[in-house]
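Shown next, in C-alpha cells, is the structure this report addresses.
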Amino acid sequence: MTDDAWFADLDPGDRAAAADRIREGSAESPADWPALAVEAGVSADEAEYYDRLRGATLAAGRAAASEREGAVDQQLVHAVRAMDDCRRQANELAERVAEWGGSRFEEAGTGVEYARELSGRDSGSVGVPASEASGGSSEPRSDGDRQVLALARQVVALDEEADALAEYIETSTPEVAPNLAAMAGPVLAARLLSLAGGLESLAKKPSGTVQVLGAEDALFAHLRGDAPSPKHGVIYTHDAVRGTRSEDRGSAARALAGKLAIAARVDYYGGDRRPGLQAELDERIAAIQARAEGGGGDE
Amino acid sequence: MSDLPEGIEQRSIGDETGLATRGPPAYGEPTDDTGWRRWNPRRSKLGAMIQSGMDTGLTGGETVLYLGAAAGTTVSHVADFAGPTYAVEFAARPVRDLLDVAEDRQRLFPLLKDARKPETYAHVVEPVDVIIQDVATRGQAEVALTNRGFLHEDGRLLLAVKARSEDVTADPETVFDEVVGTLESEYEVLERQRLEPYHADHLGVVARPR
C-alpha cells in the first residue's frame with residue numbers, strides 16, 4: 001500500500017524528486033499517509049512528515065504553475081502573430097477584391113468593408129436582372145461575378161478569424177500577464193510578448209528595449225549611423241504616447257516603457273496585481289502632457 | 001445560529017463586526033493588531049455558509065480537503081482554524097496566489113490538480129474530516145461523488161453549488177434540486193440553504209457520507 005505513497009523510495013533530502021512525485025504520482029485511493037510514513041521510518045513523527053510534505057507541495061506547485069503559464073504565453077505569441085497574418089492577408093485580398101469588383105459592379109468601395117458588403121450579395125441570383133429595389137446596384141450575373149464574390153467571402157472569413165483571435169487574446173492575456181494587460185491593453189500586451197518571445201524574455205528586457213520593440217528597422221538604421229534613434233516601437237499605439245504631442249512623445253514613450261517593463265516583471269516573478277503602477281504612470285504622463293500647456297517649459 | 005468553530009470569531013475590525021480568523025494576512029483584508037483578519041462572507045462561500053448560521057459541524061482543528069481553492073482566499077481562513085489542509089486547484093493562474101498563501105502557512109498544502117481526477121492526488125492526500133468544495137465547473141455533484149473516498153465515515157461535505165456553472169439558462173432551484181438529487185446517491189444531505197444575499201444563485205449544502 002505504501003508503494004503508492006508520494007514519499008515511497010525517496011531520498012529524504014531530494015526535494016526535486018519529491019516535487020516530481022507529487023506532480024506525476026497517483027494512487028487508487030487515499031491512505032493514512034502521515035501514519036504510514038512514520039511507521040515506515042520515513043519521517044520521525046507527524047510534524048516532520050507535514051514539514052516535508054509542505055516543502056514538496058510548494059515546490060511542485062511552483063514548478064507546475066510556471067510550466068503551465070509558460071505554455072500559455074507561447075500560445076499568445078502564436079495567436080497574436082496569427083491575428084496579424086489574418087489581418088494583413090484580409091487587407092491585401094480586400095484590395096484585390098475592390099479593384100476587381102470595381103471593374104464589374106457599378107458602385108465600388110475599398111477595404112474589408114467593401115468585401116463584406118459584396119459577400120452579403122446572393123451569388124445564386126445569377127441571371128436575375130438587376131432590380132431597382134436594391135438601390136440600383138447590379139446583381140451578380142456571370143461566373144466572373146461569382147468569383148469576385150467568393151473571393152470577398154474569403155476576405156470576410158479571414159477578417160472574422162482575426163476578430164476571433166483578438167477575442168482569444170483579450171481573454172487570455174490578463175490571465176498570463178494581468179499587470180501588463182491592464183496597463184497596455186490585452187492586444188498591445190500580447191504584441192509585446194510576441195516581439196520579446198514570451199513573458200520570461202520580456203521580463204528580462206531593459207525598459208529601453210521595451211520602448212523600441214517593434215521598431216527594429218529604425219533602431220538598426222540608427223545604429224548604422226543613418227538615422228536618429230527611434231522614440232518608440234509598438235507602444236506607439238498606447239494612448240499615453242499617441243495622446244502626447246510629438247515633441248514630448250519620446251518622454252512619454254520612455255515613461256510608459258519603464259512602467260511596462262516593471263509590469264512584465266511583476267507578472268513573471270510575482271503575479272499579484274499592482275494597481276499602483278497604473279496610477280504612477282498616469283501621474284507621469286499627465287506631467288509630460290502638461291508641458292504642452294506650459295508653452296514647452298519643463299514640468 | 002450554531003456555535004462558531006474554535007478559531008473563528010465575530011470580531012470588530014476597523015468599523016465593522018463580522019467573521020474573522022487569526023493568521024497571516026493573505027489578500028489585503030482588514031486586520032487588527034492582535035492578528036485577527038476579516039473573513040468577508042461576500043468573498044467566500046464557506047464564509048457565507050457560516051455567517052448565515054448553517055450547521056457545518058466544524059469544530060476547529062480538523063483535516064480538510066479543499067476542492068477549488070482558486071487564489072486561496074477562503075482556504076487561507078480554513079487553514080487558520082483547521083488542521084492539515086489540502087488545497088486542490090486546477091487553473092495555473094490563481095495557483096500563484098494560492099502558493100503565496102501557502103507560503104505563509106505551515107499546514108496548507110497546495111496541489112495543482114484536477115478535482116475530477118482524485119487518483120492524481122490520492123497518493124498525497126490522507127483521509128480527511130471535512131471536504132470543502134467550491135468548484136465552478138459543470139458536474140459539481142459528480143466531483144463530490146468521486147472525492148467521497150477521501151472522507152472519513154463520520155466526515156462532512158461542505159459544498160457550495162453555483163447554479164450558473166451547471167446551466168446558465170435554467171432556474172437555479174431546478175439546478176440545485178438536480179445537484180442535490182445526484183449527491184444523495186452517496187451522501188445524506190443534512191442541510192441546504194441559498195447563500196443570498198452574499199452570493200447570488202448559489203446553494204450551500206452540508207452532507208455526510210452514506
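Lettering of chains follows the sequences in order, A, B, ..., and the numbering in each one begins at 1.
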Are there more than 12 heavy atoms of other residues, nucleotides or ligands under 6.0 Å from atom [atom1] of [X]?
| X | atom1 | answer |
| --- | --- | --- |
| A:D11 | CG | yes |
| A:E28 | CD | no |
| A:R15 | CZ | no |
| B:E188 | CD | yes |
| A:E283 | CD | no |
| B:E142 | CD | yes |

TODO: Using heavy atoms and a sub-4.5 Å threshold, report which of residues 63-90 of chain B line up against chain A, by residue number.
DONE: B:P84, B:Y86, B:F90

Task: Sorted by number, residues from residues 30-48 of chain B in contact with chain A (heavy atoms, under 4.5 Å) - done: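 None at all.
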
For a quick test of reading the model, state the closest non-hydrogen atom pair linking [X] to [Y] and the distance between them.
| X | Y | result |
| --- | --- | --- |
| A:R54 | B:E103 | NH2-O, 2.5 Å |
| B:V95 | A:A65 | CG1-CB, 4.2 Å |
| A:P30 | B:G149 | CG-O, 3.5 Å |

Open item on the list: Determine whether a donor-acceptor pair (N or O, by modelled atom type, separation under 3.5 Å) exists between the side chain of A:W33 and the backbone of B:A122.
Closed with: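 Side chain of A:W33 to backbone of B:A122, a donor-acceptor pair under 3.5 Å: yes, one is there.
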
Open item on the list: Could you check whether any side-chain N or O of B:H123 sits under 3.5 Å from a backbone N or O of A:R21, counting only pairs where one atom can act as donor and the other as acceptor?
Closed with: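 A pair under 3.5 Å: yes.
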
Task: Under 4.5 Å from a heavy atom of chain B, the part of A:A59 involved - done: neither

Donor-acceptor contacts, no H, no angles, side chain residues 192-200 of chain A, under 3.5 Å, sequence neighbours left out:
from: A:S194; atom 1: OG; to: A:R81; atom 2: NE; distance (Å): 3.2
from: A:E200; atom 1: OE2; to: A:K204; atom 2: NZ; distance (Å): 2.7

- [ ] Please name all residues satisfying side-chain contact (heavy atoms from CB on, under 4.5 Å) with A:R116, sequence neighbours left out, ordered by chain then number.
- [x] A:V112, A:E113, A:V156, A:D159, A:E160

TODO: Heavy atoms only, distances under 4.5 angstrom: which of B:V124, B:L111, B:L108, B:T120 has the most pairs with chain A? Name it, please.
DONE: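 The option with the most such pairs is B:V124.
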
Open item on the list: Using a 4.5 angstrom heavy-atom cutoff, name the option from B:Q106, B:K113, B:K117 with the most pairs to chain A.
Closed with: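 It is B:Q106.
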
Task: Ion pair check, B:R107 and A:D51, cut-off under 4.0 Å - done: yes

- [ ] Rounded to the nearest 0.5 Å, what's the gap from CD1 on A:I22 to OH on B:Y121? Could you check?
- [x] 14.0 Å

- [ ] Check the pair A:R62 / B:D100 against salt bridge (charged side-chain N to carboxylate O under 4.0 Å, His left out), numbers first and verdict last.
- [x] CA-CA 10 Å; A:R62 234 176 268 123; B:D100 289 343; over 6 Å; no

